[in-house]
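Not measured: the values here are computed from a predicted model.
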Amino acid sequence: MADPATYRPQTGEIPTNPGVYRFRDPHGRVIYVGKAKNLRSRLNSYFANPAGLLPKTHAMVHAASSVEWTVVGSELESLQLEYTWIKEFKPRFNVVFRDDKTYPYLALTMSEKFPRVQVMRGDRRKGTRYFGPYTAGAIRETMDTLLRVFPVRSCSAGVFKRAQASGRPCLLGYIDKCSAPCVGRVTPEEHRVLAEDFCAFMGGEAKRFISKLEKQMAEAVSTLDYERAARLRDDISALRKVFERNAVVLAEDTDADIFALHEDELEAAVQVFHVRGGRVRGQRGWVVEKVEDSTTPDLVEHLLQQVYGEDSDSHGRLPREVLVPVAPSNAEELTEWLGGLRGAKVDIRVPQRGDKAALMSTVRENAEHALKLHKTRRAGDLTVRSQALQELQEALDLPVPLLRIECYDVSHVQGTNVVASMVVVEDGLPKKSDYRKFSVTGAAASDDTAAMHDVLTRRFRYYVEDKTAQVEAAALTGHQAALDAAGDAAVLDTTTAAPRAKFAYPPNLVVVDGGQPQVNAAARALAELGIDDVYVVGLAKRLEEVWLPDSDFPVILPRTSQGLYLLQRIRDEAHRFAITFHRQKRGKAMTLSALDGVPGLGESKRKALVAHFGSIKGVKAATAEELTAAKGIGPSLANAIVSHFSSEDAAGETVPAINMTTGEIIET
C-alpha cells in the first residue's frame with residue numbers, strides 16, 4: 001500500500017477553483033473521481049490526517065499513487081465532467097448503481113430502420129425505448145394485445161431477412177399482428193409512425209388513441225360498415241384492457257418519477273415509480289455498494305446523474321417532477337442539468353404531505369424489501385467469495401490480496417488447430433469483457449508448454465510496452481515541469497482529459513491449467529519480460545494439485561477448501577472458453593467446398609458465386625462468359641473455374657461441399 005505522503009501535491013500547487021479530481025493507482029487506473037467547489041480545500045482533506053479518515057476513504061488514498069485535477073468554469077460543469085469520467089473510467093471506489101435485472105421490460109429498438117418490439121432484460125441499449133418492468137406473464141400478454149392495434153415488427157433479424165428474401169411474411173403478417181414491412185406492405189416511414197404510436201400509448205397517451213378509435217367506430221356505424229366497426233370495437237377493448245391495468249394513484253395531469261431508498265452501513269437499495277398521467281407506468285430498482293463515504297444527499301445526486309445520464313432518450317422521457325427522499329447535493333446544478341436534458345423545466349422536490357408523500361412511503365417500503373432480498377441472495381455468495389480469496393492468499397503465501405486473477409488453458413486435437421483462452425476474475429467474479437482468445441501457430445504449437453510460453457509472452461508484452469510508455473510520459477512531464485519552473489509564467493495545465501484506461505494492467509495471480517511443466521513455462525515467459533510482481537500457479541486436474549514455479553512438491557489444498565473450489569471454477573471456465581474457440585476453428589477448417597481448389601478464388605468470391613448461381617451445381621454448369629456475371633469474377637478467374645471442373649470430370653472425382661465434423665452437406 002502506498003503512503004499518501006509520497007504523492008501529496010504541495011498546497012500552493014492546488015487551485016482554489018471548482019473542478020474535478022482523479023486518484024490513480026500504480027498501474028495508472030483511475031480508482032476514484034470526485035468534484036469540489038474548492039479543489040485545494042477538498043484535496044487537502046485527504047492528506048491532512050490520513051489516519052483519521054473513514055475506512056473506505058483510508059483504503060482509497062492508500063491504494064492510489066497519484067492525484068490529478070481539472071479546473072472548470074462552474075459547479076454545473078464539474079457535475080457534468082464528474083459524470084462523464086465516472087462513466088468512462090468506472091472507478092472502483094465510486095458509487096455505481098447496479099440495475100435490477102430481475103424483471104423484463106417491453107422495449108422498442110427505435111434506432112433500427114424497422115423498429116422491433118420485444119421483451120428485454122439486462123443492460124439498457126442506446127436508441128431503445130423501455131417500458132415496464134412487468135412480470136413475465138403480463139408482459140407477453142400486453143405485447144400480444146397491443147400488436148392488434150399497433151402491428152409493429154416483433155420478429156428477429158434472421159426471420160426478417162428470410163421473409164425479405166422469400167417475399168412472404170411470417171405468420172404474424174398473415175394474422176394482422178404485423179404490418180409486414182419485410183415484404184413492403186408498409187413503407188419504413190409508415191412503420192416508424194406505428195412504432196412511435198406504440199411508444200406514445202405506453203408513455204401515457206392511451207386516452208388519445210382510444211378516443212380516436214371510438215370516433216372511427218362511430219363513422220363506420222354511420223356508413224353501415226359493421227364489419228369494420230366490430231374490428232374497431234375489439235381494438236378499443238384491447239387498449240382499455242392494457243390501460244386499466246395501471247391503477248390511478250395521483251391526479252391525471254401528474255408526470256413524476258418518485259425515488260426512495262433504504263440503506264445500511266454497506267449498501268443501499270433504491271426504487272423508483274414512474275408515474276405518467278397519474279398512473280404508475282413502471283418500476284425500477286438498483287442496489288449500490290457504498291464503496292465511498294457518501295451521505296444520503298450524495299447518494300441521491302449520484303443516482304439522478306446515472307439514471308438520467310445513461311438514458312439516451314431522456315429528452316422525451318424526463319418528467320416534469322422528480323420526487324426524492326432528501327434534497328440532493330448541488331440541487332440547483334442538478335435541476336439546471338436535467339432541464340437541459342428534457343428541454344423544459346424540471347422540479348426536484350421532497351414531498352412533505354398528501355398523496356405524493358403517501359406514494360413515496362410505498363416506494364420506500366419496496367426499497368426496504370429489495371435490500372432484504374438482495375442481502376438474502378448475496379450473503380452466502382459474498383461470504384464464500386471473500387473466504388475463498390483469503391484462503392488462496394494464505395495457502396500460497398502471497399503478500400498481496402487477489403483482486404484480479406487470470407487463468408489460461410490450451411486446447412487442440414493431436415496438435416492441430418491449437419488455441420488458448422484467458423479468463424479473468426475480479427473480486428471473485430468473472431469479468432467477461434476481459435476474456436481473450438489466442439490462436440497459436442508455428443513452433444509454439446509444437447507442445448503445450450511452448451504454447452503456454454507463447455501465449456503468456458504475447459499477453460504480458462503489451463503490459464510491458466504500456467509500462468514503458470508511462471515511464472517515458474512521466475519523464476517528459478518532468479522535463480516540461482522543469483522548463484515551466486525556469487520560465488517567468490509557469491502554468492499548471494490540467495485541462496487535458498486522461499486517455500481511456502487500457503486493458504494492459506496485470507493480474508495479481510496467473511493460473512495455468514496444468515502441472516509443473518506448464519507452470520515453469522509460464523514463469524519463464526514472465527521472467528524473460530522482466531515481470532516480477534505477478535505470481536504464477538498451476539492446477540493439475542488429475543489430483544487437483546496446486547503447483548508453484550520451480551517447486552518439486554505441489555501445494556495440497558483440502559478438498560472442502562473454498563479456495564480450491566474457486567480455482568476449479570476458474571480452470572473449468574477457461575477450459576470451456578478454449579474448447580468453444582477450438583470447435584469454431586476446427587469446424588471452419590473441416591468445411592470443404594468443390595471450389596476450394598481454384599487458385600485465386602477466396603471465400604468472399606466463392607460466396608458470391610454460390611449466391612449468384614444458387615448452388616455449386618449451377619456454378620459447374622455455367623460457361624466462362626456466364627461466370628463473369630457474378631460479382632468479382634473476371635475472365636481469367638472464370639477460365640480457371642471452368643478448367644478446375646473440367647479436370648475433376650476427367651479424373652472422375654467430385655469434392656462434395658460437406659462439413660466433415662457433422663457430415664452435413666453445406667452446398668448442393
* Asked: Quick one: do D176 and R148 make a salt bridge, cutoff under 4.0 Å?
  -> no
* Asked: Is a side-chain donor or acceptor of E368 paired with a backbone partner of V363 at a separation under 3.5 angstrom?
  -> no
* Asked: So, do D257 and L323 sit near enough that their side-chain heavy atoms are less than 4.5 Å apart?
  -> no
* Asked: Closest heavy-atom contact between Q271 and A370?
  -> NE2-CB, 3.7 Å
* To do: Look only at the side chain of N94 and the backbone of V33, and say whether a donor-acceptor pair between them is shorter than 3.5 Å.
  => yes
* Decide, yes or no, whether a salt bridge links R192 with E189 under the criterion of side-chain N to carboxylate O below 4.0 Å. => no
* **Check: E573 and K432 side chains under 4.5 Å, non-hydrogen atoms** => yes
* **C199 versus L108, closest heavy-atom pair with distance** => SG-CD2, 4.0 Å
* Salt-bridge test for E190 and R185: reply yes if a basic N is under 4.0 Å from a carboxylate O, no otherwise. => no
* **Backbone of L303 reached by a side-chain donor or acceptor of Q306 within 3.5 Å** => no
* Asked: Within the distance-only criterion (no hydrogens, no angle test), does the side chain of R349 pair as donor or acceptor with the backbone N or O of E321 below 3.5 angstrom?
  -> no
* Does the Y435 side chain pair with the main chain of P430, one donor and one acceptor, at a distance under 3.5 Å? -> no
* Exam field: side chain S237 to backbone D234, donor-acceptor pair closer than 3.5 Å -> no
* F114 and F160 aromatic ring geometry - parallel, tilted or perpendicular at 30°/60° bounds -> tilted
* Asked: Hey, does the side chain of H262 reach the backbone of R364 with a donor-acceptor pair shorter than 3.5 angstrom?
  -> no
* Measure from the side-chain N and O atoms of S421 to the backbone N and O of K437, and report whether any donor-acceptor pair falls under 3.5 Å. => no
* Asked: Is a donor on one side and an acceptor on the other found under 3.5 Å between the side chain of R162 and the backbone of A165?
  -> no
* May I ask you to test the R153-E112 pair for a side-chain heavy-atom distance under 4.5 Å? => yes
* Has R168 got more than 12 heavy atoms of other residues, nucleotides or ligands less than 6.0 Å from its CZ? -> no
* Asked: Do F209 and F150 have ring centroids that are under 6.0 Å from one another?
  -> yes
* Under 3.5 Å donor-acceptor, N366 side chain and T362 backbone -> yes
* **Check ion pair D434-K431 (N to O, under 4.0 angstrom)** => yes
